[in-house]
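To start, the structure itself, in structure tokens.
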Protein chains: 2
Amino acid sequence: MPRKTGLNRETIVEAAVELVNREGVGALTLHRLAAHVGVRPPSLYNHIHGMPGLLRELALFNARQLAEQMGRAVIGQSGAPALEKLANVYRAYIKANPGLYWISLSAPQPEDDIELIEAQQDIIQIALLVIESLGYQGEQALHIVRGLQSLVHGFTTLENLGGFGLELDCEVSFQYIVSTFIRGISH
Amino acid sequence: MPRKTGLNRETIVEAAVELVNREGVGALTLHRLAAHVGVRPPSLYNHIHGMPGLLRELALFNARQLAEQMGRAVIGQSGAPALEKLANVYRAYIKANPGLYWISLSAPQPEDDIELIEAQQDIIQIALLVIESLGYQGEQALHIVRGLQSLVHGFTTLENLGGFGLELDCEVSFQYIVSTFIRGISH
DNA sequence: GTAATATAACTAATAAGATTAGCTTTGTCA
DNA sequence: TGACAAAGCTAATCTTATTAGTTATATTAC
């Protein structure tokens with residue numbers, strides 16, 4: 001069919017992930033991305049719907065990868081240790097994928113994007129199951145999910161941005177904060 | 001001096017704040033900003049150092065305004081109520097300035113930008129004083145500051161991005177989460 | 001009061017990026 | 001073997017940021 005076979009959406013998305021994690025959000029241009037996969041910029045449009053489409057693909061990739069890693073982390077675990085494990089996996093994921101995670105936050109979020117919403121709900125669902133294994137249910141369980149997600153997301157993005165001074169070990173802070181929150185809900 | 005007098009850095013920054021809060025981060029271009037203040041784009045360079053300089057000014061404005069509002073909120077208050085008040089003011093600020101807050105996170109953070117670092121430390125300092133009024137000191141107090149900032153920053157940015165489903169009232173979640181965290185540290 | 005100066009506006013031009021239109025090549029299949 | 005569709009390409013357009021060089025005018029010095 002084409003002059004060179006082998007290019008597809010998956011390859012493009014993976015190259016974009018690599019680029020944005022290695023060189024930062026500002027480095028993600030279609031020009032550079034095209035060079036990375038060996039084509040000219042307009043050729044990318046045969047596989048993705050321009051820059052907005054690429055951002056959407058990245059957000060989807062991000063949500064699915066995060067859900068997958070979280071799900072795998074708590075297999076066969078329950079209770080407070082499982083919750084701490086989830087928090088640590090979430091943070092490790094963001095630290096390993098700083099550019100991807102950040103750009104996913106800025107991506108468009110159309111309400112009819114079923115795939116993306118499903119992947120995001122998977123993330124919540126995994127946390128919810130763990131929290132229910134601790135004995136919480138209904139709205140309270142949902143509040144706790146939101147709290148833990150806010151805590152980990154907030155801490156790690158501030159940490160990545162250098163928003164904390166350098167004095168105090170972030171690792172220690174994180175463990176302290178997570179256990180403080182979990183202690184708060186156990187009351 | 002010029003053909004029209006009256007334009008200065010402060011006016012430009014205020015117009016940028018207005019623009020970015022009203023129309024979102026993507027709407028902040030020098031072209032549109034220049035139109036808002038009634039000049040051509042190159043004229044802005046007489047007052048700000050291009051787009052990077054503008055982002056830095058916005059980050060500084062953001063940090064100072066947030067510090068000022070936080071400081072004012074806890075005058076004459078102490079203890080757990082003061083801490084909850086701080087959390088609520090921080091969240092209210094982000095909700096009132098979504099574009100400004102978000103773009104400030106993306107702004108460059110040179111380590112020698114004393115003014116910006118000072119303003120950011122003011123924010124931490126205010127929270128620290130309140131936490132010390134609760135009887136915590138040293139590293140533990142710093143962990144608590146990081147935790148509370150992460151919680152509020154994380155919750156509100158996720159809330160603004162629509163990251164939570166619509167089912168459950170965010171106001172209720174927020175109060176629950178903040179009091180849960182505070183309960184955790186009181187133990 | 002007038003001339004010199006510095007400031008801040010301007011126009012014009014350049015470069016990078018996203019995107020579209022339209023052309024070309026080539027694998028697949030009838 | 002020839003038609004077709006997919007996927008690459010070049011060329012062109014539009015937006016944005018930025019720089020260079022010019023012009024107009026408020027202030028200041030005389």
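What you are looking at is a predicted structure, and each value in this text was computed from that prediction instead of being measured. Throughout, protein chains are lettered first and strands after them, A, B, ... in sequence-line order, and every chain is numbered starting at 1.
- Set against dG17(C), dT19(C), dT18(D), the side chain of P42(A) has dT19(C) as its closest nucleotide.
- In this structure, the CG atom of L33(B) is 13 Å from the P atom of dT16(D), given to the nearest Å.
- With 3.5 Å as the limit, one finds a donor-acceptor pair spanning the side chains of Y101(A) and H153(A).
- Counted within 6.0 Å of CD on E14(B), heavy atoms from surrounding residues, nucleotides or ligands total more than 12; the atom is thus considered enclosed.
- For V39(B), taking side-chain heavy atoms from C-beta onward, the closest of the listed nucleotides dA9(C), dT16(D), dT19(C) is dA9(C).
- Proximity of H47(A) to the phosphate of dG8(D): a side-chain N or O atom is located under 4.0 Å from OP1 or OP2.
- With rounding to whole Å, I48(A) atom CD1 is found 14 Å from dA7(D) atom P.
- Protein atom CG of N8(A) is 9 Å distant from nucleotide atom P of dA7(D), rounded to whole Å.
- In this structure, S43(A) reaches the bases: a heavy-atom distance under 4.0 Å links it to at least one base atom across the strands shown.
- What separates CG of L54(B) from C1' of dT16(D) is a distance of 14 Å, to the nearest Å.
- The CZ-P distance, from R32(B) to dT15(D), rounds to 13 Å in whole Å.
- Counted by atom type alone, Y93(A) and N88(A) present zero donor-acceptor pairs between their side chains at under 3.5 Å.
- Taking 4.0 angstrom as the limit, R40(A) places a side-chain polar atom (N or O) nearer than this to OP1 or OP2 of dT10(D).
- One can place CG of N46(A) at 5 Å from C1' of dA7(D), the figure rounded to the nearest angstrom.
- Considering only the side chain of L7(B), dA9(C) comes nearest among dG8(D), dA9(C), dG17(C).
- Closest contact between the side chain of L30(A) and the listed nucleotides dA18(C), dA21(C), dA17(D) involves dA18(C).
- For A27(A), the side-chain contact (heavy atoms from CB on, under 4.5 Å) partners are E23(A), R32(A), not counting sequence neighbours.
- Dashed line: the shortest gap from a side-chain N or O of Y45(B) to OP1 or OP2 of dT19(D) is not under 4.0 Å.
- Atom CD1 in I12(A) sits about 10 Å away from atom P in dA7(D), given to the nearest Å.
- Side-chain contact annotation: Y90(A) with Q69(A), donor-acceptor N/O pair under 3.5 Å absent.
- Between H49(B) atom NE2 and dT18(D) atom P there is a gap of 12 Å when expressed in whole angstrom units.
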